[in-house]
Amino acid sequence: MTADTFFTVSEVAHKLDLSIDTIRRWDKKGLIKSIRNANNYRLFSLEEVRRVQEKYTGTSAGRGFYVLQSEPTAYTSLELFAGAGGMALGFENAGFQSVMLNEFDKDATNTLRTNRPEWNVIQGDVRNIDFHDYRGKVDVVSGGFPCQSFSYAGHSRGFEDTRGTLFFDFARCVEQVKPKIALGENVKGLLNHDNGRTLAVMLRVLDGLGYNVRYQVLKAQFHDVPQKRERLVIIGVRKDLDMPIYFPKEKNYILSLREAFENIPDSDGASYPKRKAEILEHVPAGGYWRDLPEDLQKEYMQKSYFLGGGKTGMARRLAWEEPSLTLTCSPAQKQTERCHPSETRPLNVREYARLQTFPDDWEFTGSIASQYKQIGNAVPVNLAYHVGGCLIAMLDGKQLENDISVDNQEIELPYQLELF
């Protein structure tokens, strides 16, 4: 992109008929990037701001709630750390046949078995599973392994760098199965975890196992998910295969909370204590604690009122015309409040599930707290569908008009020159 496509915030606001505050708000949310010129003025790409404008103020999907689905294929998948099935269901909807899923949590395992009794679901510690029987029978091995530091990060010891972590068992599965594609999924924070060393070692290990590896942060709100949720996706392709690596292209529309909650079934859910509900009654849709009268701010925030930081998740009420904020494991946590836009209560279980694009007939088992946790930890089903569609296109040898991650220059990692 050439320098003459960048303009000051005032120039961009004038050209696109946007307010300066709107552009600055998008910049603060990380939706657009800016650069600084020699005079230290912040400059914005006109093309990028226009793209975000189309998504946030242009068209919406206008279809209400939907779960994407394509025809089945013969391609197979094996998943570790499967949780309540967000990625597995999204991959199934994209066309994959599940060969095996592993999950440690009993409630999440029961959720998988309840909804898909035909799936081969193995409950228990992944460290006790041998995967050699699946060698040559699986096209894709996937898993959302937890983010853990490595004791020997950067010592170039391959598996030894990761021993004692669950990524070690993900890599061990890849080594034993030798799938055509290995896919890892994690929070965006993995990029900078342990100053980038954690991701660097993961990439180096997969490279050492014989995989060309690329990664990209995907924003769920631009992939048919009514929720602002960023996930880091790592894709490795076996080096003996002539296969490009595709990541889903962002859509030019979003799904709002209003669309997501259309014709939603009744559901159980958490509730607020009486005084908390009385205070949250004063927060407008899209607002948070700073929208309260000052006396209520001090009462609600207590000692936090006098501390620094924006604390924007506290006393937060969602807005009807935007995607939801990122779901957590509980909608009533004080630090990350997820209050209904017009009713003074936490989002209920089915609302939570809608925001992760689970179908309404996907049943979650266990206590209400466990159900919230399962949903909050899940990969959004429609996001997984789009990722799975890219993997099927890769396996089919199709050419897609999708983003292809080539060099990962958007982030500088320690040891990156050693990786490829």
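Qualifying ring pair (Phe, Tyr, Trp, His ring centres under 6.0 Å) partners for Phe81, counting only residues two or more places apart in sequence or in other chains: none. For Asp396, the side-chain hydrogen bond (donor to acceptor under 3.5 Å, both in side chains) test picks out Tyr75, with sequence neighbours left out. Tyr385 is linked by a ring pair (Phe, Tyr, Trp, His ring centres under 6.0 Å) to nothing, counting only residues two or more places apart in sequence or in another chain. For Lys188, the side-chain contact (heavy atoms from CB on, under 4.5 Å) partners two or more places apart in sequence, or in a different chain, are Leu191, Val217, Glu230. With sequence neighbours left out, the ring pair (Phe, Tyr, Trp, His ring centres under 6.0 Å) criterion links Phe44 to no other residue. Contacts of Glu79 classified as side-chain hydrogen bond (donor to acceptor under 3.5 Å, both in side chains), with partners at least two apart in sequence or in another chain: none. For the side-chain hydrogen bond (donor to acceptor under 3.5 Å, both in side chains) test, no residue two or more places apart in sequence or in another chain qualifies with Asp266. Judged as a salt bridge (Lys or Arg N to Asp or Glu O under 4.0 Å), and not counting sequence neighbours, the contacts of Lys180 are Asp139. Applying the side-chain contact (heavy atoms from CB on, under 4.5 Å) criterion to Lys276, with sequence neighbours excluded, gives Tyr272, Pro273, Leu280, Tyr300, Glu337. Asn40 pairs by the side-chain hydrogen bond (donor to acceptor under 3.5 Å, both in side chains) definition with nothing, not counting sequence neighbours.
Two residues are said to be in side-chain contact when any heavy atoms from C-beta on lie closer than 4.5 Å; His193 and Leu199 fail this criterion. The closest side-chain heavy-atom distance from Asn377 to Cys329 is below 4.5 Å.
One distance of note links CG of Leu183 with OG of Ser77; it measures 10.5 Å at 0.5 Å rounding. The structure places OG of Ser304 at 6.0 Å from NZ of Lys334, a figure rounded to the nearest 0.5 Å.
Each of Thr76, Val174, Val99 was checked for a side-chain contact (heavy atoms from CB on, under 4.5 Å) with Val141, and the lone residue meeting it is Val174. Residue Phe145 is tested with Phe104, Phe168, Phe167 for a ring-ring contact (aromatic ring centres under 6.0 Å, His included); the sole match is Phe167. Applying side-chain contact (heavy atoms from CB on, under 4.5 Å) to Arg42 and the options Val9, Asp27, Thr8 leaves one that passes, Asp27. Of the candidates Ser267, Pro265, Ser271, Pro331, Ser267 is the only one forming a side-chain contact (heavy atoms from CB on, under 4.5 Å) with Asn348.
A donor and an acceptor atom, one from each side chain of Ser256 and Glu259, are located under 3.5 Å apart. Residues Tyr66 and Asn382 bring no donor and acceptor atom of their side chains to less than 3.5 Å of each other. Thr365 and Thr111 are linked by a side-chain donor-acceptor pair at a separation below 3.5 angstrom, with hydrogens and angles left out of the test.
For the pair Arg354 and Phe65, the cation-pi test (distance below 6.0 Å, angle within 45°) is passed.
For residues 99-109, the side chain to side chain donor-acceptor pair (under 3.5 Å) pairs, not counting sequence neighbours, are Asp107-Ser370. Pairs of residues two or more places apart, or lying in two chains, that qualify as salt bridge (Lys or Arg N to Asp or Glu O under 4.0 Å) and include a residue from residues 85-101 are Glu92-Arg116.
Formation of a donor-acceptor pair under 3.5 Å by the Glu185 side chain with backbone atoms of Gly143 is not found in this model. Panel note: side chain Arg317, backbone Val283; a donor-acceptor pair is recorded below 3.5 Å. Here the side chain of Tyr253 pairs no donor or acceptor atom with the backbone of Asp224 at under 3.5 angstrom. A donor-acceptor contact shorter than 3.5 Å is absent between the side chain of Gln356 and the backbone of Val381. Between the side chain of Arg316 and the backbone N or O of Trp289, no donor-acceptor pair lies under 3.5 Å. The closest donor-acceptor contact from the side chain of Asn39 to the backbone of Tyr41 lies at 3.5 Å or more, if one exists at all. The backbone N or O of Glu175 sits less than 3.5 Å from a side-chain atom of Arg135, completing a donor-acceptor pair. Put simply, the side chain of Gln97 gets close to the backbone of Thr73: a donor and an acceptor are under 3.5 Å apart. A donor-acceptor contact shorter than 3.5 Å links the side chain of Arg238 to the backbone of Lys178. Counting only distance, with no hydrogens or angles, the side chain of Asn186 and the backbone of Leu190 share no donor-acceptor pair below 3.5 Å.
Nearest heavy-atom pair, Ala384 versus Val379, reported as atom, atom and distance to 0.1 Å: CB-CG1, 4.1 Å.
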- Evaluate the criterion salt bridge (charged side-chain N to carboxylate O under 4.0 Å, His left out) for residue pair Glu118 and Arg113; output intermediate values, then yes/no. CA-CA 8 Å; Glu118 70 276 16; Arg113 290 172 174 167; over 6 Å; no
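By the 30° and 60° cut-offs, the orientation of the rings of His386 relative to His223 is tilted.
Under a cut-off of 6.0 angstrom, the local environment of CG in Asn263 is sparse, with at most 12 non-hydrogen atoms contributed by other residues, nucleotides or ligands. Heavy atoms from other residues, nucleotides or ligands lying under 6.0 Å from CG of Asp240 number more than 12.
Taking the ring centroids of Tyr352 and Phe358, they lie at or beyond the 6.0 Å cut-off.
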